[in-house]
There are 2 protein chains.
Amino acid sequence: MDELDSAIVRELQQDARQTNRALAHKLGVAPSTCLERVRLLHQRGVIRGYHADIDPAALNREVEAFVSVQLRPPSRQVIEGFKAAMFALPQVQAVYVVAGEQDFLVQVSVPSLDALHSFLIDRLTQRREVASFRSQIIYDSARKHVAAPLEPPQ
Amino acid sequence: MDELDSAIVRELQQDARQTNRALAHKLGVAPSTCLERVRLLHQRGVIRGYHADIDPAALNREVEAFVSVQLRPPSRQVIEGFKAAMFALPQVQAVYVVAGEQDFLVQVSVPSLDALHSFLIDRLTQRREVASFRSQIIYDSARKHVAAPLEPPQ
DNA sequence: GCGCCTGCCCGAATAGTGTTCGGCGTCAAC
DNA sequence: GTTGACGCCGAACACTATTCGGGCAGGCGC
């Protein structure tokens, strides 16, 4: 993971579809060198995949929210089961098992506030292991698509 | 946004680097047709970009957490300023302005628990507009990279 | 210092791909 | 039935990915 690898990772986070030649030219190396580096980054698991970023509105998902959930009992079995069940739902974008008062953070995206309400009372309240939940509608968000390596002297 | 567009979007969410020919072959259309569709999806803003998914561990980011923050006063100026300041920090992955008890949800990724602590006391506590905050360390997470269009009869 | 080995990078060659463009079929309107 | 518009197709050409043999530098043993 030298300087060249970092640069490749940065560039591909920014635009995963640029040609290998363009990438090589930007970094000042030969295309064959660049290709080999990318292949190794893949093999080492550094690059996990390439994904298109889609406008949620185009997928009829105008409303996004975080739902934090407390489970009872918070045992391994219950947590794993709940995680799998949530992840299988099409409205669910991401599931986070967290430390704190709440056990789960579930990121959902739905067509409308009505759909969010339906989701909460049909999919969440239904489940007996849900002790309590709290939903936070997302008014505005900003996500980074490119993360740089951090150094310990941070 | 017909069936073919949806299929293209689904495929490119799954693997943004597959060749246009492979994509066309999967969907049973000519490469030229497929290319034109992709171009239009871009132009319409449906496809916002293509990004490599990188293992956080490779970027020296072993610890991830959500930090929920309450601001005082929660005015537009304060919110916008805080959002911009957080987003500029390298440890911050995403910023969400949310409804509820807390005003902000900040997703951070850092090398260690120490680094998280440093971030909280150096970058967050420092700011006068931060009335209170609560951090939730992420034990486990699962994110979807492909989202399907939702229909109103959901 | 000298020679050897290893690892990395390069450039050329080939196979495969992106991209353009003229033409054709289908459908709807009139 | 005729016309126009739209979208899809396939061939052609330029460009790109990918492979592979060779060369260069750095490190190590002697």
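- Side chain to side chain, S109(A) and E64(A) fail the donor-acceptor criterion of an N or O pair below 3.5 Å.
- Here dC8(D) presents its P atom at 13 Å from CG of L23(B), a figure rounded to the nearest Å.
- Residues from residues 5-20 of chain A with heavy atoms under 4.0 angstrom of DNA chain D, sorted by number: T19(A), N20(A).
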Just distance, no hydrogens or angles: give the donor-acceptor pairs under 3.5 Å from side chains in residues 33-40 of chain A, sequence neighbours left out.
residue : atom : partner : partner atom : Å
E36(A)  : OE1  : R39(A)  : NE           : 3.3
E36(A)  : OE1  : R39(A)  : NH2          : 3.4
E36(A)  : OE2  : R39(A)  : NH2          : 3.2
R37(A)  : NH1  : D2(A)   : OD1          : 2.9
R37(A)  : NH1  : D2(A)   : OD2          : 3.3
R37(A)  : NH1  : D5(A)   : OD1          : 2.9
R37(A)  : NH1  : D5(A)   : OD2          : 3.4
R37(A)  : NH2  : D2(A)   : OD2          : 3.0

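- By the side-chain hydrogen bond (donor to acceptor under 3.5 Å, both in side chains) test, R48(A) pairs with D53(B), sequence neighbours left out.
- Between dC9(C), dC8(D), dA17(D), one nucleotide has an atom nearer to the side chain of R37(A) than all others, and that is dC9(C).
- Look at NE2 on H42(A): it is 16 Å from C1' on dT18(D), rounded to the nearest Å.
- Taking both residues in full, the closest heavy atoms of V92(A) and V95(A) are given as CG1-CG2, 3.7 Å, listed atom of the first, atom of the second, then distance.
- The interatomic distance linking D2(B) (CG) with dG7(D) (P) rounds to 10 Å, in whole Å.
- Nucleic acid contact for R39(A): none, since no nucleic acid atom lies under 4.0 Å from a heavy atom of the residue.
- Atom-to-atom, CG of L40(B) to P of dG7(D) comes out at 8 Å; the value is rounded to the nearest Å.
- Atom-to-atom, NE2 of H25(A) to C1' of dC10(C) comes out at 16 Å; the value is rounded to the nearest Å.
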Got a list of protein N/O to nucleotides 10-15 of chain D N/O distances below 3.5 Å?
residue : atom : partner : partner atom : Å
dG10(D) : N7   : S32(B)  : OG           : 3.3
dG10(D) : O6   : S32(B)  : OG           : 2.6

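- Legend: residues meeting side-chain hydrogen bond (donor to acceptor under 3.5 Å, both in side chains) with R72(B), ordered by chain and number and at least two apart, are absent.
- Sorted pairs that involve residues 91-110 of chain B and meet salt bridge (Lys or Arg N to Asp or Glu O under 4.0 Å), not counting sequence neighbours, are lacking altogether.
- Rounding to whole angstrom units, OH of residue Y50(A) and C1' of dA17(D) are separated by 13 Å.
- Contacts of K26(A) classified as side-chain hydrogen bond (donor to acceptor under 3.5 Å, both in side chains), with partners at least two apart in sequence or in another chain: E11(A), Q18(A).
- Rounding to whole angstrom units, CD of residue E36(B) and P of dT20(C) are separated by 9 Å.
- Note on the helix from dG1(C)-dC30(D) to dC30(C)-dG1(D): angle between the axes of the first and last five pairs equals 30°, rounded to 10 degrees.
- In this structure, V146(B) stands alone, with no Ile, Leu, Val, Met, Phe, Trp or Tyr side-chain heavy atom under 4.5 Å from its own, directly or through other members.
- Hydrophobic cluster membership for F66(A): Y96(A), V98(A), L105(A), I138(A), F66(B), Y96(B), V98(B), L105(B), I138(B) (Ile, Leu, Val, Met, Phe, Trp, Tyr linked by side-chain heavy atoms under 4.5 Å, directly or transitively).
- Residue pairs meeting the salt bridge (Lys or Arg N to Asp or Glu O under 4.0 Å) criterion with at least one member in residues 79-100 of chain B, sequence neighbours excluded, are D140(A)-K83(B).
- Evaluation of the side-chain hydrogen bond (donor to acceptor under 3.5 Å, both in side chains) rule for R143(B) yields no partner, not counting sequence neighbours.
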